[in-house]
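Note that this is a predicted model, so its numbers are computed, not measured. Keep in mind that the numbers below use all heavy atoms, side chains included, and drop hydrogens, waters and symmetry copies. A note on names: the letters A, B, ... follow the listed sequences, proteins ahead of strands, and every chain is numbered from 1.
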Amino acid sequence: MSFYITTPIYYVNAEPHLGHAYTTIAADILARHMRQRGEDVFFLTGTDEHGEPVAQAAEREGVSPRELADRNSVKFRDLVKRVNATNDFFIRTSDPEHERGVQEVVQKIHDNGFVYEGTYEGYYCPRCADFKTDAELVDGNKCPIHLIVLEHEKEDNWFFKLSAFQEPLEKLYVDNPQWVTPRARYNEALSFIKGGLQDVSLSRARLRWGVPVPWDESQVIYVWIDALLNYYTALSYAREGEDLTSEYWPARHLIGKDILKFHAVIWPAMLLAAGIEVPRSIFIHGYLLMDEHKMSKSLGNVIDPFEVMDRFGTDTLRYYLFREVNFGQDGSISAAGFETRYNAELANEYGNLASRTLAMIGRYREGLVPGVGVDDALAADLAGVADHVREKLDAVDLSGALEEIWTAVRRLNRFVQDEEPWKLAKDEGEAEHLDRVLYSLAEGLRCVSVLVHPYMPDTAARLLAALGQEDVSFDGAAFGARGGGARIGKLEPLFPRIEPPAAAA
RNA sequence: GGCUCCGUAGCUCAGCUGGUUAGAGCGCACCACUCAUAAUGGUGAGGUCGGUGGUUCGAGUCCACCCGGAGCUACCA
């Protein structure tokens, strides 16, 4: 079965921040996990490059929109690479193939009778380069950002007949209760639809930086319409000389809550209008908060993902974000929380479990994992872990799956303490018992590492290599799936402890 | 205003279709162990499950209302 996962495409008018890393890593975890299961995965991310804000920023800097987009797109490409994402393609909405694809689909929507010419009226702020809604206006007719008096203006646009999809969308939601998750987001989107849908403009007349409307080159397609279509157009040219659409479409989208409406209302309506199958599912995650507040430049509490990874490593960031914050909800992160979890869970529980296990196999069995059977009690406790992880990840519960894995890590440390292999080693009569304990430990560590691979791919690979068991396929995640006999290798500490800085003077 | 979600131990949160003495992690106190990155394991203290009133043999878990917090109520990428 194919598994097509997408992140939003990132708008090049902003600097990459931790939120971008968060979504990208989430998608990567799912992609890697599904590959472990032998699924045919396609993972897409990229940049959104058209629209007024980019055109304006370019003008301010005295460069062409294209130059600005080229320059900033690279930053996102670097971030994607840096977080170790295994995307199969990086789309740019300025790709000529994408632009052609957008025109084809929009033409289809037009030909199917869902586009008409209309007039958009409202208060226009020249500095925002955008129309404001009545609710946004301050003092009757002032821009809420610039506090300048706005003129009531009109613009002739092409409109998309969103209102025609009120009933089809309601039916889509009612027939597919899992279509949008978590539930609160489903409710939010559905209630918005039930509130009545108005048509939306599909083009912009004042702008040149965008995809020309195929039947009216004086206008460009509104950037959101253009951007959403990336998920569909990418498949037609991501692989040279192939069209992957029939193989991978429809997609599973991963998005932040700020773009829910576009994805859960307008996007499926566009696809219905074009006669294209709607996405398979949409999952909405929450915000990472810094000390209860949303990260923002004005608050000065923005975390630079590159800095964090420079200091602690990519795997640590990938782990921390999904361990600390329940995926799907907002949650607070902090430097203190980061260090606590790093030391307590990564260094002490997981890293040290690896150390003690390998050291004992080295010391008591000359580095050879005994080829015996597993401990029954431990086997009983670890039996369901892989299945639970699979179920949680099928439900996009990235934090829940990690919790399952960590329960197993703790169980293994308890096993060491309970069995006291250092005492067994002193008693010749306990040799078989010690064999079983050491094999069970090596096997448990291997399973846990296979399961944790999507979250911390480099760490898992190092540890599995040291265990002489490099296979990460999900079938092998079952406790006892691999026999003993392997020769262990050397392993430097996976997560050297962070010593707290000496009390500041 | 309307709608949605949330309010459970000091902190962060689990608790599915109502059913034994309400759970985890962190933090705190004490104990055990020494294989290991002085890491690990155990025990304990600590909660009128926001409030009130209902339904029920029985409610943290359902209903009503109230208090408190967050989000949505349309074209910002």
Q | B/U34 versus B/A38 - spacing of their C1' atoms, nearest Å | A | 10 Å

If you look only at distance, which donor and acceptor atoms sit under 3.5 Å apart when one is on a side chain in residues 311-322 of chain A and the other is two or more places apart or in another chain?
{"unit_1": "A/Arg311", "atom_1": "NH2", "unit_2": "A/Glu339", "atom_2": "OE2", "d": "3.3"}
{"unit_1": "A/Thr314", "atom_1": "OG1", "unit_2": "A/Arg82", "atom_2": "O", "d": "3.1"}
{"unit_1": "A/Asp315", "atom_1": "OD2", "unit_2": "A/Asp458", "atom_2": "N", "d": "3.2"}
{"unit_1": "A/Asp315", "atom_1": "OD2", "unit_2": "A/Thr459", "atom_2": "N", "d": "2.7"}
{"unit_1": "A/Asp315", "atom_1": "OD2", "unit_2": "A/Thr459", "atom_2": "OG1", "d": "2.7"}
{"unit_1": "A/Thr316", "atom_1": "OG1", "unit_2": "A/Phe312", "atom_2": "O", "d": "3.0"}
{"unit_1": "A/Arg318", "atom_1": "NE", "unit_2": "A/Tyr455", "atom_2": "O", "d": "2.9"}
{"unit_1": "A/Arg318", "atom_1": "NH1", "unit_2": "A/Asp28", "atom_2": "OD2", "d": "2.9"}
{"unit_1": "A/Arg318", "atom_1": "NH1", "unit_2": "A/Val83", "atom_2": "O", "d": "2.8"}
{"unit_1": "A/Arg318", "atom_1": "NH1", "unit_2": "A/Asn84", "atom_2": "O", "d": "3.4"}
{"unit_1": "A/Arg318", "atom_1": "NH2", "unit_2": "A/Asp28", "atom_2": "OD2", "d": "2.8"}
{"unit_1": "A/Arg318", "atom_1": "NH2", "unit_2": "A/Pro454", "atom_2": "O", "d": "2.7"}
{"unit_1": "A/Tyr319", "atom_1": "OH", "unit_2": "A/Arg323", "atom_2": "NE", "d": "3.1"}
{"unit_1": "A/Tyr319", "atom_1": "OH", "unit_2": "A/Glu345", "atom_2": "OE1", "d": "2.5"}
{"unit_1": "A/Tyr320", "atom_1": "OH", "unit_2": "A/Glu324", "atom_2": "OE2", "d": "3.0"}
{"unit_1": "A/Tyr320", "atom_1": "OH", "unit_2": "A/Ser334", "atom_2": "N", "d": "3.2"}
{"unit_1": "A/Tyr320", "atom_1": "OH", "unit_2": "A/Ser334", "atom_2": "O", "d": "3.4"}

Q: Using the test ring pair (Phe, Tyr, Trp, His ring centres under 6.0 Å), find all partners of A/Phe495 that sit at least two apart in sequence or belong to another chain.
A: A/Tyr342

Q) Does any residue of residues 72-79 of chain A have a heavy atom under 4.0 Å from RNA chain B, and if so, which ones, in number order? A) none

Q.
Contact list please: residues 266-273 of chain A against RNA chain B, heavy atoms, distance less than 4.0 Å, in numerical order.
A. none

Q: Identify, between A/Tyr350 and A/Gly51, the residue whose nearest nucleotide on RNA chain B lies closer to the 5' end.
A: A/Tyr350

Q. Between A/Phe76 and A/Phe90, is the gap from one ring center to the other below 6.0 Å?
A. no

**Q.** All side chain to side chain donor-acceptor pair (under 3.5 Å) counterparts of A/Glu67, not counting sequence neighbours
**A.** A/Ser64

(Q) Under a plain distance cut-off of 3.5 Å, with no hydrogens placed, do A/Asn157 and A/Tyr222 share a side-chain donor-acceptor pair? (A) no

Q: Would you mind checking if A/Arg390 and A/Asp387 are paired as a salt bridge, meaning a charged N to carboxylate O distance below 4.0 Å?
A: yes

Q. Got a sec, which residues hit side chain to side chain donor-acceptor pair (under 3.5 Å) with A/Glu59, two or more places apart in sequence or on another chain?
A. none

Q | B/C13 versus B/G71 - spacing of their P atoms, nearest Å | A | 15 Å

Q) Just checking A/Leu353: base, sugar-phosphate only, or nothing, at a heavy-atom cut-off of under 4.0 Å? A) nothing

Q. Any donor-acceptor pair under 3.5 Å between the side chain of A/Asn352 and the base of B/A36?
A. yes

Q: Return yes if some donor-acceptor pair links the side-chain N/O of A/Tyr173 with the main-chain N/O of A/Pro168 below 3.5 Å, else return no.
A: no

Q: Whenever both distances are under 3.5 Å in a Watson-Crick or G-U wobble pair, mark it; put RNA chain B into dot-bracket that way, with [ ] for crossing pairs and | when the partner is on another strand.
A: (((((((..((((.....[...)))).(((((.......))))).....(((((..]....))))))))))))....

Q) Taking atom types as modelled, is there a side-chain donor on A/His98 or A/Thr93 under 3.5 Å from an acceptor on the other? A) no

Q: Write down the distance separating the C1' atoms in B/A24 and B/C76, rounded off to the nearest Å.
A: 41 Å

Which atom pairs, donor and acceptor, lie under 3.5 Å between side-chain atoms of residues 422-430 of chain A and protein residues at least two apart or in another chain?
{"unit_1": "A/Lys423", "atom_1": "NZ", "unit_2": "A/Glu420", "atom_2": "OE2", "d": "3.3"}
{"unit_1": "A/Asp427", "atom_1": "OD1", "unit_2": "A/Gly429", "atom_2": "N", "d": "2.9"}
{"unit_1": "A/Glu430", "atom_1": "OE1", "unit_2": "A/His433", "atom_2": "ND1", "d": "3.1"}

Q: Tell me what A/Gln329 touches on the nucleic acid: a base, only sugar-phosphate, or nothing, going by heavy atoms under 4.0 Å.
A: sugar-phosphate

Would you list the protein and nucleotides 31-35 of chain B atom pairs, both N or O, that sit under 3.5 Å from each other?
{"unit_1": "B/C35", "atom_1": "O3'", "unit_2": "A/Arg363", "atom_2": "NH2", "d": "3.4"}
{"unit_1": "B/C35", "atom_1": "O2", "unit_2": "A/Arg356", "atom_2": "NE", "d": "3.2"}
{"unit_1": "B/C35", "atom_1": "N3", "unit_2": "A/Arg356", "atom_2": "NE", "d": "3.4"}
{"unit_1": "B/C35", "atom_1": "N3", "unit_2": "A/Arg356", "atom_2": "NH2", "d": "2.6"}
{"unit_1": "B/C35", "atom_1": "N4", "unit_2": "A/Arg356", "atom_2": "NH2", "d": "3.0"}

Q) Taking the P atom of each, how far is B/C16 from B/G42, in whole Å? A) 26 Å

Q: Please tell me which of A/Leu494 and A/Arg414 maps to the more 5' nucleotide of RNA chain B, matching each residue to the nucleotide holding its nearest heavy atom.
A: A/Leu494

**Q.** P spacing across the pair B/A59 / B/G54, given as an integer number of angstrom
**A.** 12 Å

Q: Would you indicate what A/Arg410 reaches in the nucleic acid, counting non-hydrogen atoms under 4.0 angstrom: base, sugar-phosphate, or nothing?
A: sugar-phosphate

(Q) Using a 4.0 Å cut-off on heavy atoms, which residues in residues 181-192 of chain A reach RNA chain B? List them by number, or say none. (A) A/Ala184, A/Arg185, A/Asn187, A/Glu188, A/Phe192

Q.
We want to know whether A/Glu170 and A/Gln166 form a side-chain donor-acceptor pair, criterion being a heavy-atom distance below 3.5 angstrom.
A. yes

Q. Reckon A/Gly351 touches a base, only the sugar-phosphate, or nothing at all at heavy-atom distances under 4.0 Å?
A. base

Q) Phosphate oxygens OP1/OP2 of B/U73: is one of them under 4.0 Å from a side-chain N or O of A/Lys261? A) yes

Q. Salt bridge (Lys or Arg N to Asp or Glu O under 4.0 Å): which pairs involve residues 154-167 of chain A, sequence neighbours left out?
A. A/Glu155-A/Arg206

Q. When we call it a touch if two heavy atoms are under 4.0 Å apart, what does A/Gly328 touch: a base, just sugar-phosphate, or nothing?
A. nothing

Q | Pairs involving residues 357-367 of chain A, ordered by first then second residue, that meet side chain to side chain donor-acceptor pair (under 3.5 Å) (sequence neighbours left out) | A | A/Arg365-A/Asp435

Q) With rounding to whole Å, what would you report as the distance between B/U61 and B/G25 at their C1' atoms? A) 23 Å

